[in-house]
Amino acid sequence: MRWSNFFLFTSKEEPSDAVSPSHRLLLRAGFISQVSSGIYEILPAGFKVLKKVEKVIREEMERIGCQELLLTVLNPKELWEETGRWEAYGKELFKLKDRNGREFCLGPTHEEEITDLFRKFVRSYRSLPLYLYQVQVKFRDEKRPRFGLIRAREFIMKDAYSFDRDEGEALKSYKTFKEAYERIFKRLGLETYCVEASVGQIGGKFSNEFIAPTPFGEAHFVLCKSCGYTANSEIVPLKRGELEGEEEKPLKLVETPNTRTIKELSQFLGVKEEKILKALLYIHKGEPYLILIRGDREVDEKKVEAFFGDEDFHLASEEEVREILNTEKGFVGIFNLPKNVKVVWDNSTYGKKNLVVALNKVGYHYINVNPGRDFNYGQFADLCKVEEGDPCPKCGKPLQLKRGLELGHIFLLGDRYSKAMGALISDERGKEVPVYMGCYGIGVSRILSALVEQNYDERGIRWNYKVNPFEVLIICLNVRDEELLKSSLRIYQRLKEEGFDVLFDDRDERAGFKFKDADLVGIPLRVVLGKKYKEKKLLEVQDRYRDRSYEVKEENLVKFLRDVLKS
RNA sequence: CGGGGUGUAGCUCAGGUGGUAGAGCGUCGGCUUUGGGAGCCGAAGGUCGGGGGUUCGAGUCCCCCCACCCCGACCA
């Protein structure tokens, strides 16, 4: 491809709307273009990268016997009602109607459709195991799209589904996919962690996420350097602590004006935040719950969701606090509670002595409140957000907290969908049983962002040798010099014939301009023809990925490039 | 869903107190230049996010709406 005719337009200016490195660079380098919030066009250079990513994924899917098909974007409401997800999926589901008023959604994932397809054709355990996958555009009306391709509303995903006769077989399939995923990310040149995760919206028995560490990811996960435990932070269990040995001081009521936050209260009283009993009023399905947690810790609402069993809860507003507790935020506590308010103690509160506790009276707190003497514990739960340094649930050593991009998520679904939708198979004895399923997703378009997030510098993107828009860029530094242009063309033709994926910068631009562009776009190898070539007939090969430079004779070029690309 | 911010040329932005729209970059034509986004001359390019209002007159003041970006997922 000649750059003079290639649809690749770079920009010198920093896009004002972009913050994360991948978003900025993919825009500037002309790989993507925004249409609407969370909706992007993937331009030819980006598309070429995408195709190379897909190729790796397809090869690994085929290798484990997974067959490609293409499901639909438009899914009828009836299908989603069978599993209850038409309502349960909530506002993230894009819904629309056809001319006759029939309702559809734009598929955010395809468990319903694949299960429907399975039950239409497969009857016997003899057809199993069966693995199917597709690479398809998906739609999710995200609460908050951000960072370009990282959290988009329209995106490309590879989703695979396994069908087995029982749990034991399904576990084998799960392992097969997990290993395939490890190979995929390795081949793509991405650093990823496979972590334990929650099943969330998809449901099922258990799941693992593949997370690429980057500062701009949406996933928070923990890592134990000591025993190797990794997990999404929202599922890391935190246990109760020990009873403190401190001497119990006398209970006292003190005036605490204008202490609306834990920080203010802590400063006003001169006590540590962890000695304050923080009380948060939540409303679940119209019922008030008072969640108690240590003052220095925060509630993890994902854990609250797991506790309640659904998403139908929210933190009480000022008005609700006034109405239910007859007090104001900042003075919510366990004393003088109306009977209808249920109390839940987070594990972090256990064993603390000489606490500061509010009594639902504006402007006052008790100090030196002690368990057993001044109050009794009730129901305990694990609702606390994990923090750096919290103990590893496996070995007790301090955990590291990291941020990353969730690139893959695999689930052992069990019979959640097959049971609801009647996807039954006959076993050896002729008995009909629900098929045992697994599903396996990879965020394909998001991988572009992850690759950039993990490989860029101040000058631009650094694509690796395997996944890139082109393998080689030929730069002719002066296209008005006929001899130089002729030589460049000859090399360009040769490399094409030898099977290289090559872009030829034949634009009538100055050298500096071309180098800056090349750095930005990030093609891993480039062959430069300029003064050195004219004087010494030496080609300069620049390695953008490894940031090196070589002088190569023309007759050695093909072998040289091939060797680098293979390394 | 809250909170904050921004919408003016393709991009990045400037346009006190209201007076009929500008720069740099990019694009097009020309000259010059050819190893790190060079220089000079000329040109094209605008519903000032949209609607309403105030006014003789609105990019600017008032009201409503929309879009996009950021923060939080409400921490008492």
Side-chain angles (χ1 to χ4, degrees), chain A residues 9-20 23-24 27-28 30 33-39 90-92 141-148 151 216 218 220 234 256 258-266 273 276-283 290-302 304-305 311 313-318 320-322 325 327-334 346 356-358 360 362 365 383-385 459-460 475-481 484-485 507-520 526 528-535 540 542 549:
Chain A
F9 301 94
T10 59
S11 166
K12 249 188 271 191
E13 300 284 352
E14 277 299 339
S16 61
D17 278 350
V19 177
S20 72
H23 190 194
R24 274 174 33 227
L27 282 171
R28 268 193 66 200
S33 168
Q34 180 169 19
V35 172
S36 182
S37 177
I39 303 179
K91 289 185 178 169
E92 312 245 310
D141 198 356
E142 293 286 349
K143 283 175 192 164
R144 187 171 159 214
R146 60 179 129 179
F147 304 144
R151 182 167 286 252
F216 282 89
E218 22 60 80
H220 296 262
E234 68 202 36
T256 53
N258 303 318
T259 53
R260 308 228 148 230
T261 64
I262 292 288
K263 205 174 168 193
E264 285 164 2
L265 186 60
S266 151
E273 292 188 7
I276 298 170
L277 188 69
K278 182 154 76 177
L280 298 134
L281 187 66
Y282 276 85
I283 314 290
L290 194 65
I291 293 180
L292 303 170
I293 189 164
R294 240 169 64 185
D296 61 328
R297 302 301 299 244
E298 291 189 3
V299 166
D300 187 329
E301 292 202 349
K302 288 283 181 188
V304 177
E305 188 181 331
E311 269 186 295
F313 65 87
H314 64 272
L315 193 69
S317 64
E318 289 279 1
E320 284 168 322
V321 168
R322 213 164 294 140
L325 301 176
T327 187
E328 286 177 26
K329 290 190 176 186
F331 304 98
V332 176
I334 51 172
D346 177 70
V356 176
V357 183
N360 300 313
V362 177
H365 280 87
L383 304 173
C384 187
K385 194 175 268 179
R459 295 176 302 171
I475 304 178
C476 175
L477 288 180
N478 185 2
V479 294
R480 294 195 187 178
D481 181 326
L484 199 63
L485 182 62
R507 297 173 302 171
D508 185 9
E509 295 288 353
R510 295 171 58 88
F513 181 92
K514 291 190 174 198
F515 282 128
K516 292 285 184 195
D517 246 7
D519 287 342
L520 178 60
R526 52 201 191 213
V528 181
L529 286 92
K531 269 185 193 147
K532 273 181 212 159
Y533 184 78
K534 287 198 70 126
E535 286 162 10
E540 182 176 348
Q542 297 178 345
S549 174

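Because the structure is a prediction, the values reported are computed rather than measured.
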Original post:
How does each nucleotide of nucleotides 8-13 of chain B score, in 5' to 3' order, for protein heavy atoms under 4.0 Å: base (B), sugar-phosphate only (S), or none (-)?
Top reply: ---BSS

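Note on A:Phe331: only backbone sugar-phosphate atoms sit closer than 4.0 angstrom, heavy atoms only; bases stay farther off. When heavy atoms are screened at a 4.0 angstrom cut-off, A:Gln542 is found touching base atoms of the nucleic acid. Across all strands shown, A:Val321 has heavy atoms under 4.0 Å from base atoms, whether or not it also approaches the sugar-phosphate. Counting any heavy atom pair closer than 4.0 Å across all strands shown, A:Tyr533 reaches no nucleic acid atom. Nucleic acid contact for A:Lys514: none, since no nucleic acid atom lies under 4.0 Å from a heavy atom of the residue. Here A:Ser36 lies in heavy-atom contact (under 4.0 Å) with sugar-phosphate atoms only. Using a 4.0 Å heavy-atom cutoff across all strands shown, A:Arg28 reaches at least one base atom of the nucleic acid.
Nucleotides B:U55 and B:C62 place their P atoms 16 Å apart, quoted to the nearest Å. Comparing B:G7 with B:C13, their C1' atoms are spaced 12 Å from each other, to the whole Å. For the P atoms, the distance from B:A38 to B:U34 is 14 Å, rounded to whole Å. With both ends at atom C1', the span from B:G29 to B:G52 equals 45 Å, rounded to whole Å. Using atom C1' as the reference point in both B:G22 and B:G45, the two lie 14 Å apart (nearest Å). Separation of the C1' atoms belonging to B:G24 and B:U8 is 15 Å when rounded to the nearest angstrom. Comparing the P positions of B:C40 and B:U47 gives an interatomic distance of 30 Å, to the nearest angstrom. B:G15 and B:G19: their P atoms are spaced 14 Å apart (whole Å).
Across all strands shown, B:A21 forms no Watson-Crick or G-U wobble pair with both key distances under 3.5 Å. With a cut-off of 3.5 Å on both Watson-Crick or G-U wobble distances, the partner of B:G7 is given as B:C66. B:C28 and B:G42 make up a base pair, with Watson-Crick or G-U wobble contacts both under 3.5 Å. Base-pair partner of B:C1: B:G72 (Watson-Crick or G-U wobble, both distances under 3.5 Å).
Taking 4.5 Å as the limit, every side-chain heavy atom of A:Leu520 sits out of range of all side-chain heavy atoms of A:Arg459.
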Pairs under 3.5 Å (N/O, protein and nucleotides 72-75 of chain B):
{"residue": "B:C74", "atom": "OP2", "partner": "A:Glu301", "partner atom": "OE1", "Å": "2.6"}
{"residue": "B:C74", "atom": "OP2", "partner": "A:Glu301", "partner atom": "OE2", "Å": "2.4"}
{"residue": "B:C75", "atom": "O2", "partner": "A:Lys278", "partner atom": "NZ", "Å": "2.8"}
{"residue": "B:C75", "atom": "N3", "partner": "A:Val299", "partner atom": "N", "Å": "3.1"}
{"residue": "B:C75", "atom": "N4", "partner": "A:Val299", "partner atom": "O", "Å": "2.6"}

Please list each protein N or O that sits under 3.5 Å from an N or O in nucleotides 42-44 of chain B, with the distance.
none

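Taking the six-membered ring wherever Trp is involved, the centroid distance between the rings of A:Tyr282 and A:His314 does not fall below 6.0 Å.
A:Phe513 places its CZ atom 16 Å from the C1' atom of B:G39, with the value rounded to the nearest Å. One can place CG of A:Leu477 at 17 Å from P of B:U33, the figure rounded to the nearest angstrom. In this structure, A:Ile334 places its CD1 atom 18 Å from P of B:A76, rounding to the nearest Å. The distance from atom CZ of A:Arg24 to atom P of B:C70 is 13 Å, rounded to the nearest whole Å. As rounded to whole Å, 12 Å separates atom C1' of B:C70 from atom NE2 of A:His23. Rounding to whole angstrom units, CD of residue A:Glu535 and P of B:G35 are separated by 10 Å. Per the geometry, CG belonging to A:Leu290 stands 14 Å off P belonging to B:A76, to the nearest Å. Between A:Leu27 atom CG and B:C68 atom C1' there is a gap of 13 Å when expressed in whole angstrom units.
Residues A:Gly38 and A:Pro145 approach most closely at CA-CB, 3.7 Å, considering heavy atoms. Here the closest non-hydrogen pair linking A:Lys278 and A:Ile262 is CD-CG1, 3.6 Å. In terms of heavy atoms, A:Leu484 sits closest to A:Leu529 at CD2-O, 3.5 Å. Among all heavy-atom pairs drawn from A:Asp346 and A:Cys384, the shortest one is OD1-N, 3.1 Å. Closest approach of A:Phe313 and A:Val304 over heavy atoms only: CE1-CG1, 3.6 Å.
The base of B:G37 is paired with the side chain of A:Asp517 by a donor and an acceptor separated by under 3.5 Å. The base of B:G37 does not come close enough to the side chain of A:Glu509 for any donor and acceptor atom to sit less than 3.5 Å apart.
Here the straight-line distance linking atom CG of A:Asn478 with atom CD of A:Glu509 works out to 12.0 Å at 0.5 Å rounding.
Electrostatic pairing of A:Glu14 and A:Arg28 counts as a salt bridge here, judged by a charged N lying under 4.0 Å from a carboxylate O. Residues A:Arg526 and A:Asp519 are paired through a salt bridge, judged by an N-O separation under 4.0 Å between the basic side chain and the carboxylate. The pair A:Lys385-A:Asp300 does not count as a salt bridge, with every side-chain nitrogen at least 4.0 angstrom from each carboxylate oxygen. Taking the charged nitrogens against the carboxylate oxygens, A:Asp141 and A:Lys91 have no contact shorter than 4.0 Å, which rules out a salt bridge. A:Asp481 and A:Lys534 are joined by a salt bridge, as a carboxylate oxygen and a charged side-chain nitrogen come within less than 4.0 angstrom of each other.
The side chain of A:Lys91 lies closest to B:C1, out of B:C1, B:G35, B:U27.
One finds a side-chain N or O of A:Gln34 lying less than 4.0 angstrom from the OP1 or OP2 phosphate oxygen of B:C69. For B:A67, neither phosphate oxygen OP1 nor OP2 lies less than 4.0 angstrom from any side-chain nitrogen or oxygen of A:Ser37.
A distance-only check finds no donor-acceptor pair linking the side chain of A:Glu142 to the backbone of A:Arg144 [under 3.5 Å].
Position along RNA chain B of the nearest nucleotide to A:Val528 versus A:Gly38 favours A:Val528 as the more 5'-ward residue.
Ring geometry, A:His365 versus A:Phe331: the interplanar angle falls from 30° to 60°, so the pair is classed tilted.
The aromatic ring of A:Phe515 stacks onto the base of B:G36, its centre lying under 5.5 Å from the centre of the six-membered base ring with the two planes under 30° apart.
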